[in-house]
**Student:** 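The structure under discussion is supplied below as structure tokens; questions concerning it will follow.
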Amino acid sequence: MSQTYDLLVIGGGINGCGIARDAAGRGLSVCLVEMNDIGSATSASSTKLFHGGLRYLEYFEFRLVRESLIERETLLQAMPHISWPMRFVLPYHHSMRFDSTTPTSRLLSFVMPWMKGRRPAWLIRLGLFMYDHLGGRKILPGTTSLDLTSGPEGKPLKPHFEQAFEYSDCWVEDSRLVVLNARDAEQRGAEILLREKCISADVVDGVWHVQTENKETGEVTERSARMVVNAAGPWVGDVLRGTLKTNTQDGVRLVRGSHIVTRRLFDHDKCYFFQGTDGRIIFAIPYETDFTLIGTTDADHNDASIKPECTPEERNYLIGFINQYLADPIKVDDVVWTYSGVRPLFDDGARSATAATRDYVLKVDLSRGAPALNVFGGKITTYRRLAESAMEEIASQIPDIPGPWTAGVPLPGGDFPVDDVSKLITQLREKFSFLDERWATRMVKAYGTEAMEILEDSSDIVDLGRNFGATLTEREVNWLITNEYVREVDDILWRRSKLGLRMSKSQIADLESWLKTTLNATA
């Protein structure tokens, strides 16, 4: 053991990386350990939205919605390359029926019993009015009404949908958000250790001694820290009881959310917010230019060690759900990819996975003789505020910590104005004339201002080395290896990007072979 860290963070998802970044920026010595790739579990499998959670209003989660709405614009300004505003279309028809067991539905049924099972237009408009004003919106436009009979938004839908509401939320590249937080934490002094699994933790003289095993070499290393942060996501309970050996009644509820990706279903860049009769909602979102992302489901997932996968039942549920709205129904053959993640929600005893709270809960445990902070739940939109709240808990154990600093501070590549994305794409094409519009757009929306650094000194495409397909070049892959912790082909194709949707099996095999050879040569 070369040093005793102030914090040892277990878990390299968005919560762990957000806490590590915040702590390192306040001058604490931080070590983050993650047993797999950075952001490879829940944080890579979201619906990829910075959103307030419109449906959470129906559960009276006003604090969570307000905090989320405020964060949308704070985060948008800090990462305009990997997040951007989107407009959401909420179709409505007076004959629609809904689950009557939510708090709002029960209240409406009590006051107006003839409205049981209905969600009247005025109620939706009231919810959207609150959504527009709870968070002090400044950048994003407010709610409007749409005539679906005349606009492009109505063309994909069944003809009886004539009315809709349109409101704002934001898209985010979730996997890139995690890796950029990790990079920023590292640049501020944190040590980021990937493919290191925590196998035991003991307290000696008020200090944590944590053993980790390198999953590639089998080497076991011991590290010490004044405080441990358990941000292990779906494994938070396993770490709590198995690694930290803490006796507590607090638990986590694992909820699987599955998504399907189809061919592009509509010819505009807006999203749809579809309401179901079971009280759930799904989104249909323009995805990677040529596709549509549809999700998500809510199903209990009993074992974190079992890799979540979109089941045939979940796939069919999503297809059946969206087909209630689409004029041209989709079929199983239209699905080109599926993915699934597990949300580690705080177990509040809710009757269903859908009703379980999406709010985060932070618990400091002192029973072992040294402080441990356990992180339950949370959503990607509130990760930065969760980190600030975590730092308040940490400050109660480690005094004299400086105050908050992360609001609006750009992540790597995000040091440009929100409305300058098109300008940056134009500048990139002017400097590197071999780029077409699509390639330049991909580079800017992945790397922001760092795209210039990746392509520097290249005057022709041949200067970028080997072309693996789908505009992925040797230059870019080497940059990912050096700067973004890449070690496996899936790190590149499904987390740092989604180029796996565009590359053939032979191209992927070629990239995998080259990557193994390159990494072995530098080992």
Side-chain angles (χ1 to χ4, degrees), residues 5-32 39 42-43 50-53 56 61-79 83 134-136 138 170 172 174 177-178 180-190 192 226-233 236 344 346 357-365 371-412 414:
Y5 298 96
D6 292 318
L7 289 184
L8 189 144
V9 181
I10 302 172
I14 189 55
N15 290 338
C17 290
I19 292 170
R21 179 197 184 216
D22 196 330
R26 300 192 199 207
L28 275 65
S29 57
V30 179
C31 178
L32 181 145
T42 302
S43 297
F50 276 154
H51 67 115
Y56 304 151
E61 299 233 33
F62 300 117
R63 189 211 62 79
L64 174 63
V65 174
R66 173 175 166 76
E67 183 174 272
S68 301
L69 290 171
I70 293 171
E71 278 299 286
R72 287 184 315 180
E73 298 196 3
T74 300
L75 298 174
L76 186 61
Q77 295 179 74
M79 53 196 80
S83 65
L134 271 175
K138 296 178 181 178
C170 298
V172 63
D174 53 3
L177 175 65
V178 184
L180 293 182
N181 270 271
R183 285 184 56 206
D184 199 64
E186 188 172 50
Q187 290 168 8
R188 297 176 190 276
I192 307 296
R226 298 167 66 187
M227 186 170 183
V228 165
V229 176
N230 173 14
V236 64
F346 184 71
T357 181
R358 266 53 176 174
D359 210 346
Y360 55 83
V361 176
L362 308 175
K363 295 286 187 80
V364 174
D365 185 89
L373 175 65
N374 298 296
V375 180
F376 300 92
K379 54 199 291 282
I380 199 165
T381 313
T382 55
Y383 89 89
R384 192 197 65 84
R385 282 291 297 120
L386 182 152
E388 286 187 340
S389 298
M391 292 306 301
E392 293 175 7
E393 300 292 343
I394 291 166
S396 70
Q397 306 300 319
I398 302 177
D400 303 321
I401 295 176
W405 64 274
T406 57
V409 176
L411 289 171

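These figures come from a predicted structure and were not determined experimentally.
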**Student:** Check for a donor-acceptor pair, side chain of Arg72 on one end and backbone N or O of Phe50 on the other, with a separation under 3.5 Å.
**Tutor:**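 It does not hold such a pair.
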**Student:** Is Glu73 reaching over with its side chain to a backbone N or O of Lys138, donor-acceptor style, under 3.5 angstrom?
**Tutor:**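 Yes.
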**Student:** Enter the distance from Ile19:CD1 to Leu7:CG here, rounded to the nearest 0.5 Å.
**Tutor:** 8.5 Å
**Student:** Does Asn230 use its side chain to pair, donor to acceptor, with the backbone of Val236 at less than 3.5 Å?
**Tutor:**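 Yes; at least one donor-acceptor contact below 3.5 Å.
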**Student:** Does NZ or CZ of Arg66 come closer than 6.0 Å to the centre of the six-membered ring of Tyr56, within 45° of the ring's axis?
**Tutor:** no
**Student:** Does the side chain of Asp174 come under 3.5 Å of the side chain of Ser43 through a donor N or O and an acceptor N or O?
**Tutor:** no
**Student:** Any donor and acceptor pair, going by atom type alone, linking the side chain of Thr382 with main-chain N or O of Ser68 inside 3.5 Å?
**Tutor:**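 Looks like no, no N/O pair under 3.5 Å.
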**Student:** Run Asn15 and Tyr360 through side-chain hydrogen bond (donor to acceptor under 3.5 Å, both in side chains) and show every step you take.
**Tutor:** CA-CA 10 Å; Asn15 290 338; Tyr360 55 83; over 6 Å; no
**Student:** Look at Arg385 together with Glu388 and state whether they make a salt bridge at an N to O cut-off of under 4.0 Å.
**Tutor:**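 Looking at Arg385 and Glu388, the cut-off is met.
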**Student:** Is a side-chain N or O of Asp184 found less than 3.5 angstrom from the main chain of Leu180, in a donor-acceptor match?
**Tutor:** no
**Student:** Backbone N or O of Ile70 within a donor-acceptor pair of the Thr74 side chain at under 3.5 Å?
**Tutor:** yes
**Student:** With distance as the sole test, does Lys363 use its side chain to make a donor-acceptor pair with the main-chain N or O of Phe376 at under 3.5 Å?
**Tutor:**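 No; judged by distance alone, with no hydrogens or angles, the pair does not exist.
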